[in-house]
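Shown next, in structure tokens, is the structure this report addresses.
As a basis for the values below, the full set of heavy atoms in this structure was taken, side chains included, without hydrogen atoms, waters or symmetry mates.
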Amino acid sequence: MNSKRPVNLDITTIRLPLPAYTSILHRISGVILFVGIAFLLYGLDLSLGSKEGFDQLKECLQNPVAKFIAWGLLSALAYHLVAGVKHLFMDVGIGEGKASGVVGAKLTIAVSAALIVLAGVWVW
């Protein structure tokens, strides 16, 4: 057994690089979208069922909580899309290095933040 192996596995003291955080956020945004699809499909079914259902959904979406949820889903979609495009570039060999990975992570955060702000302006 190698005695030089690290024994500190306390997750709160481990410092991850920025690309690791963007990758984790990419996975979290995917889970949010997966769960949010159920609500979106219910709203679609309600709106296409009848005129009363459409009016009910329209009234529900005027609620600030519903607007916040819609903004959250749009934010998750924007981040997931931008991070997915970054991963597609990495799949073809662009931005695979350590330094370019940090630049790609910063670019992902910046573009996503701009899109999230635009989505908030659009929803509110």
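No more than 12 heavy atoms of other residues, nucleotides or ligands shown are found within 6.0 angstrom of NZ on K106. More than 12 heavy atoms of other residues, nucleotides or ligands lie within 6.0 Å of OH in Y21, so this atom counts as buried by the packing criterion.
Distance alone, capped at 3.5 Å, is enough to place a donor-acceptor pair between the H80 side chain and the H26 backbone.
A 4.5 Å side-chain heavy-atom check between I109 and L18 finds at least one atom pair inside the cut-off. Within the 4.5 Å cutoff, side-chain heavy atoms of Y79 are placed close to those of T108. K86 places a side-chain heavy atom less than 4.5 Å from the side chain of T22.
Expressed to the nearest 0.5 Å, how far CD of Q62 lies from CD of E59 amounts to 8.5 Å. Atoms CG and CG, on L48 and L57 in that order, are 9.5 Å from each other to the nearest 0.5 Å. For the atom pair CG of L61 and CD of Q56, the computed distance is 10.5 Å after rounding to the nearest 0.5 Å. Summarising the geometry, atom CD1 belonging to I94 is positioned 10.5 Å from atom CG belonging to L88; distances are rounded to the nearest 0.5 Å. Taking CH2 of W122 as the reference point, atom NZ of K67 lies at 11.5 Å (rounded to 0.5 Å).
Between A76 and S29, the shortest heavy-atom distance links the atoms O-CB, 3.7 Å. S112 approaches A78 most closely through the heavy-atom pair OG-O, 4.3 Å. Of all heavy-atom pairs between A66 and C60, the closest is CB-O, 3.3 Å.
Transitive grouping of hydrophobic side chains (ILVMFWY, heavy atoms separated by less than 4.5 Å) brings I24 and I32 into a common cluster. Grouping the Ile, Leu, Val, Met, Phe, Trp and Tyr side chains by contacts below 4.5 angstrom, directly or via other members, places L115 apart from L74. Both L73 and V65 are assigned to one and the same hydrophobic cluster, defined by single-linkage of ILVMFWY side chains at heavy-atom distances under 4.5 Å.
Alongside V102, the hydrophobic cluster contains no other residue (criterion: ILVMFWY side chains under 4.5 Å).
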Which pairs of donor and acceptor atoms, one on a side chain in residues 36-47, lie under 3.5 Å apart (sequence neighbours left out)?
unit_1	atom_1	unit_2	atom_2	d
S47	OG	G43	O	3.3
S47	OG	L44	O	3.0

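Annotation: ring pair (Phe, Tyr, Trp, His ring centres under 6.0 Å) contacts of F68 (sequence neighbours excluded): W71.
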